[in-house]
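In what follows, every chain begins at residue 1, and chains take the letters A, B, ... in the order their sequences are listed.
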2 protein chains.
Amino acid sequence: MFTLDQARAFVAVAEERHFGRAAERLHMTQPPLSRQIQKLEKELGIALLLREPRGVSLTAAGDAFLAECHQLLAKAEQAPRRAQLVAAGQVGVVRLGYTAASSYGILGPLLARFHEHAPNVSIELHEMVTPDQLDALQSGALDLGIGRPPFPKDRISSRLLLTEELVVAMPAGHRLAGGTHPVTVSDLEEETIVLHSPTKARYFYDLTARIMPIRREQISYTTSQVLTMVGLVAAGHGIALVPRSIDRFAAGYDVVTRPIAGAPNDLVQLHAMWESASENPALHTLIPILDSSPTPPPLTSAVQA
Amino acid sequence: MFTLDQARAFVAVAEERHFGRAAERLHMTQPPLSRQIQKLEKELGIALLLREPRGVSLTAAGDAFLAECHQLLAKAEQAPRRAQLVAAGQVGVVRLGYTAASSYGILGPLLARFHEHAPNVSIELHEMVTPDQLDALQSGALDLGIGRPPFPKDRISSRLLLTEELVVAMPAGHRLAGGTHPVTVSDLEEETIVLHSPTKARYFYDLTARIMPIRREQISYTTSQVLTMVGLVAAGHGIALVPRSIDRFAAGYDVVTRPIAGAPNDLVQLHAMWESASENPALHTLIPILDSSPTPPPLTSAVQA
DNA sequence: GACCTTTACGCTTTGCGTAACCATG
DNA sequence: CATGGTTACGCAAAGCGTAAAGGTC
C-alpha cells in the first residue's frame, strides 16, 4: 500500500509540474522524490505522470488520483483535530440522568447554560430515579446525574444545585387551605395522605417521615412520581408533602400548597452527581458550568391561598 | 504526522481491544505494535487507549479517532481503484466535437452505443465545424471529432462512420421536383443555388464544385449550416446540394430532394477522427466501439417526389 | 503465577543526500 | 550546453523481532 508521504509527494509534483520545485516545496532533494513517485506508480500499477522535456504533465489517471489525494490528505489532517477536540472535552457526548419531577424546574436553564458554554457537547437525556442513576453512573451507562441524596461519597462526586421547601399540597377547598398561619404537624396527623414510595422515592419518604409520624392506615396510595401525587391530591385521595417547585403544576390541578410550621426552607436538596473517576472529558467541561451561576429556582409565581 | 500504518495498527487494537490479538491480525509481534501506538498517541498529543489489566479500552478521543481512521483508510483504499479505472479507460471524460447538421443522424445512436459499452465514460459535446475540430484535437482541447475530410493523415487517425448520397433540395413546387428520372448536371446549371461556405464548409463546397461548374452569378447565398440552406431553399432563394440525411428535416420545410444523375451514392463521407498520439485512455475505450456496428443511417422515411 | 503491556537490544529495511549519468531541445 | 529527470552509492533513521521486565488480578 502507498503511504501518506507518497501522496504528499505526488500532490507536490502534480501541482508544481516539476520535480525540482516539488522537491524544494517538500524540503528534500529531487532524487528521493523521483524514487518515491516511481514506487507509487509501480504500487498502483499505472503511470501518473508524463515526463516531458520541460517538466511533467498528468495522465488522466494521475488527474483522478490527484483529486483523490487531496481528499485523502484533507481527511488525514482533520482526523487528529477532531480527536483532540474530543480529548479536550470541547466536543463530545454526556449522558445525563434526571429525576422526572425534581428536574422540571432546573433542567431547562441548566441545559441552556451547557449549550452556551460548550455548544459542541451534546447531551443525551435519560429520565430515571436517583438509585437507578447511581447504578448507571457506576456501570458507565451515565456520565452525570441530577438527583437527591444519599449517594456514596467515596466513588461519587456531587455538587448541590438547589434547595427548596417541603410544602403541603391539598385540594383548593380543603379545611387547611384557608388559614393565615402555617399548617402544623398535628394538623397533618389527622389527614389521609398520598405518600412517596419508600423504595423508588426513598428521599422524599424519609423527609416526610422526619417531619411527621406516619401511620399505615392514613396512607391512601404510594408512588414515586410527584406529579402523580398532585393528581391524586386533586382527586381527593388525601394531602401530600411535596417540594415547593411543584407549585407551577399544582395550579393546573386546582391544588393549593401551604408551608409547614417549623420546617426549614432548605429541606429538599437537588444535586448533580458523577463518578469521581469518570474518563469522559466532555463531563469535565460541564462540571465547572454547574457552578457558573447559582441558578435561583425560576418559580413563575407562588400559588398559595 | 502519523502514517496510514499507524492508523491501521490503531484500528486493529481498538477493534480487538487487545494488543496481542491485534498484532496477530497485523501479522507482527506485540512490541513494535505497542511502540507504534505510543508514537501515534505522542504525535497526536492525546491518549487513545486505556491500558487495563485484561486488555485495553478506548478513551472518548480514541473512539472519535477510530471513526476518523475508518473513513481515512476506506478513502486510502478506494483512491487507487478510481485511478486504475481511469487508467484502464473504464472511467473518464471524452470531449467530442461534431458538426451540426452532419451529425444529426449518427450522433444519437453513437452516444447510445458509447453509453452501453462504456457507461462510466462521460462525453462532453462540443459543436464545431471540421477545421475547428482539427485544431482542437491537436491542441488537446478535444479528444474525438466527428467531421468530414480532409485531415492530416500523419497526426490524425480516423474511421469512416458513414457514407451517403448528395442530393438536390428544391421547393415542393419546383420545375425539377416532379420528374421521374434523376436531375442532371445541366438542369442544375440553369438554377440559382444556395451554396456551402468555401471556408467553413470547404468539404461540401468542393463536392459541389466537383459535380457541377459554379458561376458566381448563380449563387444567392453561402453558409456553413446545411439546415440554414434548407430554410433558404424553402423560402425560394434557389436550390441546394445537400447530403441525403437532410431529408427528415426537409420534410418539415415542404422541401423536396432528388438524386443527381451519375453521382455516386457514397459521395458524402463522415469520419470519426482523433489525435493518433492521444493519451486519454477513455478515448481508446471508445474507438473500438465505433466499429461495433456499421450504423446504417437510421432514416425514418425517404421524402422524395 | 497467569495475563497483558512495555522496555531493552540487535539487526534489517527504508529513505535520505551527494554525485554521476542520461535524454531532449 | 542547458534543463530536467534518473541511476548509483553510502550513511543515518525507522521499524521489526527476540528477550527480559513491569504491573495487576
Between [N] atom [atom2] and [X] atom [atom1], what is the distance in whole Å?
X: E43(A); N: dG15(C); atom1: CD; atom2: P; answer: 12 Å
X: L40(B); N: dG15(D); atom1: CG; atom2: P; answer: 12 Å
X: D5(A); N: dG15(D); atom1: CG; atom2: P; answer: 11 Å
X: Q30(A); N: dA8(D); atom1: CD; atom2: C1'; answer: 16 Å
X: Q6(A); N: dC16(C); atom1: CD; atom2: C1'; answer: 14 Å
X: L26(B); N: dG15(D); atom1: CG; atom2: C1'; answer: 14 Å
X: H27(B); N: dG17(D); atom1: NE2; atom2: P; answer: 11 Å
X: E24(A); N: dG4(D); atom1: CD; atom2: P; answer: 12 Å

For [N], does OP1 or OP2 lie under 4.0 Å from any side-chain N or O of [X]?
X: Q38(B); N: dT5(C); answer: no
X: S34(B); N: dT6(C); answer: yes
X: K39(A); N: dT14(C); answer: no

Where the side chain of [X] is defined as all heavy atoms beyond and including C-beta, which of [options] is the nearest nucleotide?
X: P32(B); options: dG25(C), dC16(D), dA14(D); answer: dC16(D)
X: F19(A); options: dT6(D), dT7(D), dT5(C); answer: dT6(D)
X: Q36(A); options: dC16(D), dG15(C), dT6(D); answer: dG15(C)
X: M28(A); options: dG17(C), dT6(D), dG15(D); answer: dG17(C)
X: P31(A); options: dT18(C), dT7(C), dT24(D); answer: dT18(C)
X: H18(A); options: dG5(D), dT7(D), dC4(C); answer: dG5(D)

Charged N to carboxylate O under 4.0 angstrom, E68(A) versus K75(A)?
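The answer is no: the pair does not qualify as a salt bridge.
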R51(A)/E41(A) salt bridge by N-O under 4.0 Å criterion:
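Judged by the 4.0 Å cut-off on N to carboxylate O distance, E41(A) and R51(A) do form a salt bridge.
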Check: F2(B) ring centroid to F65(B) ring centroid under 6.0 Å
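Yes, the ring of F2(B) comes within the 6.0 Å limit of the ring of F65(B), centre to centre.
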Would you please indicate yes or no on a ring centroid separation below 6.0 angstrom for F204(B) and H196(B)?
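Yes, the ring of H196(B) comes within the 6.0 Å limit of the ring of F204(B), centre to centre.
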May I ask you to verify whether the side chain of R21(A) and the base of dG4(D) hold a donor-acceptor pair under 3.5 Å?
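Absent.
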Check whether the side chain of R51(B) and the base of dG23(D) form a donor-acceptor pair under 3.5 Å.
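Side chain to base: no pair present.
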Earlier contact from the 5' end, DNA chain C, for R35(A) and R54(A):
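Mapping each residue to its closest nucleotide by heavy atoms, the 5'-most match is R35(A).
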Any side-chain donor-acceptor pair under 3.5 Å between E15(B) and H70(B)?
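Yes, H70(B) and E15(B) have a side-chain donor paired with an acceptor closer than 3.5 Å.
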Are E52(B) and S57(B) linked by a side-chain donor-acceptor pair shorter than 3.5 Å?
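Distance-only check passes for E52(B) and S57(B).
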Applying a 4.0 Å non-hydrogen cut-off, can you work out what E52(B) is touching in the nucleic acid: base, sugar-phosphate, or nothing?
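Nothing: the residue E52(B), judged by heavy atoms under 4.0 Å, touches no strand.
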